[in-house]
There are 2 protein chains.
Amino acid sequence: MSSSEAESDATGPRARQRAARRRQILEAAERVFAETGFEGASMAALAAAAGLPKANLHYYFGTKEALYAALLNDLLDLWLSATDRIRPESDPAEALAAYVRAKMAWSRERPRASKLFANEVLRGAPHLAPHFAGPLRALVEEKSRVIEGWIAAGRMAPTEPRHLFFAIWAMTQTYADFAPQIEAVLDVPSLGPREFADGTATVLQLVLRGCGLSLAGGRVQPALEAIRN
Amino acid sequence: MSSSEAESDATGPRARQRAARRRQILEAAERVFAETGFEGASMAALAAAAGLPKANLHYYFGTKEALYAALLNDLLDLWLSATDRIRPESDPAEALAAYVRAKMAWSRERPRASKLFANEVLRGAPHLAPHFAGPLRALVEEKSRVIEGWIAAGRMAPTEPRHLFFAIWAMTQTYADFAPQIEAVLDVPSLGPREFADGTATVLQLVLRGCGLSLAGGRVQPALEAIRN
DNA sequence: ATTTATGCTGACCATTTGGTCAAGTTTCTT
DNA sequence: AAGAAACTTGACCAAATGGTCAGCATAAAT
């Protein structure tokens with residue numbers, strides 16, 4: 001027993017350093033994969049971004065595929081989160097608004113993760129198919145039933161809940177995935193607080209009014225004027 | 001004169017065959033590029049998809065980059081179209097509904113074009129930057145002024161028109177770009193008329209109600225029940 | 001101090017990549 | 001019929017790709 005203390009997550013100084021290196025590589029890989037896609041990212045480029053020799057990446061992750069898969073895996077949790085507030089007893093307007101805001105914040109803070117995800121789905125989502133058909137579908141089903149409950153109780157306008165989710169995902173993630181297009185149209189060098197505030201306000205308006213809802217006080221865009229002035 | 005009849009678009013049998021070959025190559029390239037992205041598509045794969053030797057593609061387009069650029073160029077027109085109905089004298093609800101329907105139809109009929117476009121924007125849109133900053137921005141500005149006119153006239157709810165466009169683009173294109181995810185969540189092998197009808201109805205509802213509008217007769221989803229039954 | 005397990009990396013390899021080219025074939029003009 | 005122009009393609013190339021591995025360094029355990 002005394003000699004075999006190598007429990008997988010024993011936080012010895014060894015395991016800690018190993019985890020740090022893994023994070024270092026993954027962080028760099030997220031940047032490179034998000035900017036160039038899977039095929040566009042060469043092991044040489046990934047190694048350069050991480051500041052390590054190529055062989056070192058292979059030591060930690062084996063293959064490029066495995067590194068990519070490890071990266072995607074880390075994102076899945078992010079995707080499923082932020083639906084907490086959607087519960088039967090919640091106020092529909094508040095719950096949906098919180099979800100939209102969380103998604104927008106995610107687009108702002110983790111745009112590379114969003115792009116990585118988009119890249120993978122565009123490629124046919126080979127690595128995500130199990131997750132889509134499993135946990136994601138289950139979550140959407142569960143939350144859709146909550147929304148259908150709200151509708152049945154007359155608390156919001158009849159709406160296809162699954163397609164409502166697709167719409168929210170699309171509108172919020174576009175601020176990460178299609179940032180170059182938005183920047184060009186708005187004629188700004190990059191998306192800042194102003195653009196995200198306007199975007200959030202617009203998405204909130206479409207979702208809430210679209211579902212026949214309004215936030216407490218009847219203000220659909222509570223933070224907007226405050227930010228603008 | 002008689003000998004130099006080779007006007008660039010003289011539709012001689014020569015020029016016609018040349019154009020046909022170009023289309024044959026472009027059509028195959030759209031498939032391959034859309035499925036694998038620019039870096040993921042090899043000249044060998046492109047040639048195989050077109051049923052031609054590799055050197056033949058180089059004869060017509062020079063480089064892979066040039067072939068890709070030619071392909072993207074063809075899509076730009078598609079992008080700018082479908083805003084015709086958005087004019088000062090139009091009915092806001094009808095105009096926006098027509099635009100949403102046109103965009104949805106485009107996602108259904110040309111999903112590969114949409115994916116190609118998405119792939120390019122994810123890569124930072126190097127080839128599209130001039131188009132974004134030029135014709136696209138100009139078009140959006142023009143149409144945004146129309147919408148602002150509608151708002152000023154009290155014909156629809158106050159809405160940031162540029163962000164409204166971003167939202168419409170995102171919601172409609174997601175049915176092409178993120179099809180694998182939507183299919184998995186809905187548990188269908190592919191998106192058919194039913195899914196597009198539901199999607200269109202939901203997007204229309206969010207956009208129209210979101211903007212304080214409704215279609216003539218107050219029915220937000222005019223075609224929905226007809227299709228379902 | 002010595003052994004042992006783990007971490008690290010330069011040099012190397014087979015394969016694939018985008019692209020070229022010379023030698024052909026076909027089609028048009030005269 | 002002859003020549004010119006456009007088209008086609010197998011064979012080839014230098015460069016880049018993902019991946020391997022033997023040998024070395026470092027730290028842990030004895």
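Throughout, a chain's letter reflects where its sequence line sits, starting with A, and its residues are numbered from 1. What you see is a predicted model; the values in this text were computed from it and never measured.
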Find the distance A:R16:CZ to C:dG7:C1' and express it as a whole number of Å. 17 Å
In terms of the angle between their ring planes, are B:W79 and B:W106 parallel, tilted or perpendicular, with boundaries placed at 30° and 60°? perpendicular
Which residue pairs pass the side-chain hydrogen bond (donor to acceptor under 3.5 Å, both in side chains) test with at least one member in residues 46-60 of chain A, sequence neighbours excluded? none
Given atom CD of A:Q17 and atom C1' of C:dT6, what is their separation to the nearest angstrom? 11 Å
Please work out whether the ring planes of B:F166 and B:H163 are parallel, tilted or perpendicular, with thresholds of 30° and 60°. perpendicular
In whole angstrom, give the distance that lies between atom CD1 of A:I25 and atom C1' of C:dG7. 12 Å
State, without any angle test, whether B:T36 and A:E39 hold a side-chain donor-acceptor pair at a distance under 3.5 Å. no
Rounding to a whole Å, what distance do you find between B:N56:CG and C:dG19:C1'? 14 Å
Filter on ring-ring contact (aromatic ring centres under 6.0 Å, His included), then keep only pairs touching residues 118-142 of chain A, sequence neighbours left out; what's left? A:Y68-A:H127
B:R22 CZ to D:dA6 C1', in whole Å, measures 15 Å
Which nucleotide, C:dT9, D:dT8, C:dC8, lies nearest any side-chain atom of B:R21? D:dT8
Rounded distance (Å) that lies between atom C1' of D:dA5 and atom OH of B:Y59: 9 Å
Output the rounded distance in Å from CG (B:L57) to C1' (D:dC7). 14 Å
Output one line per pair: protein atom, nucleotide atom from nucleotides 17-20 of chain D, and distance, for all N/O pairs under 3.5 Å.
from, atom 1, to, atom 2, distance (Å)
D:dG18, OP1, A:A41, O, 3.4
D:dG18, OP1, A:K64, NZ, 2.8
D:dG18, OP2, A:M43, N, 2.7
D:dG19, OP2, A:K64, N, 2.8
D:dG19, N7, A:K54, NZ, 3.0
D:dG19, O6, A:K54, NZ, 2.4

Could you tell me whether B:R137 and B:E141 make a salt bridge, using a distance below 4.0 angstrom between a side-chain N and a carboxylate O? no
Would you tell me if any nitrogen or oxygen in the side chain of B:R18 comes within less than 4.0 Å of OP1 or OP2 on D:dC7? yes
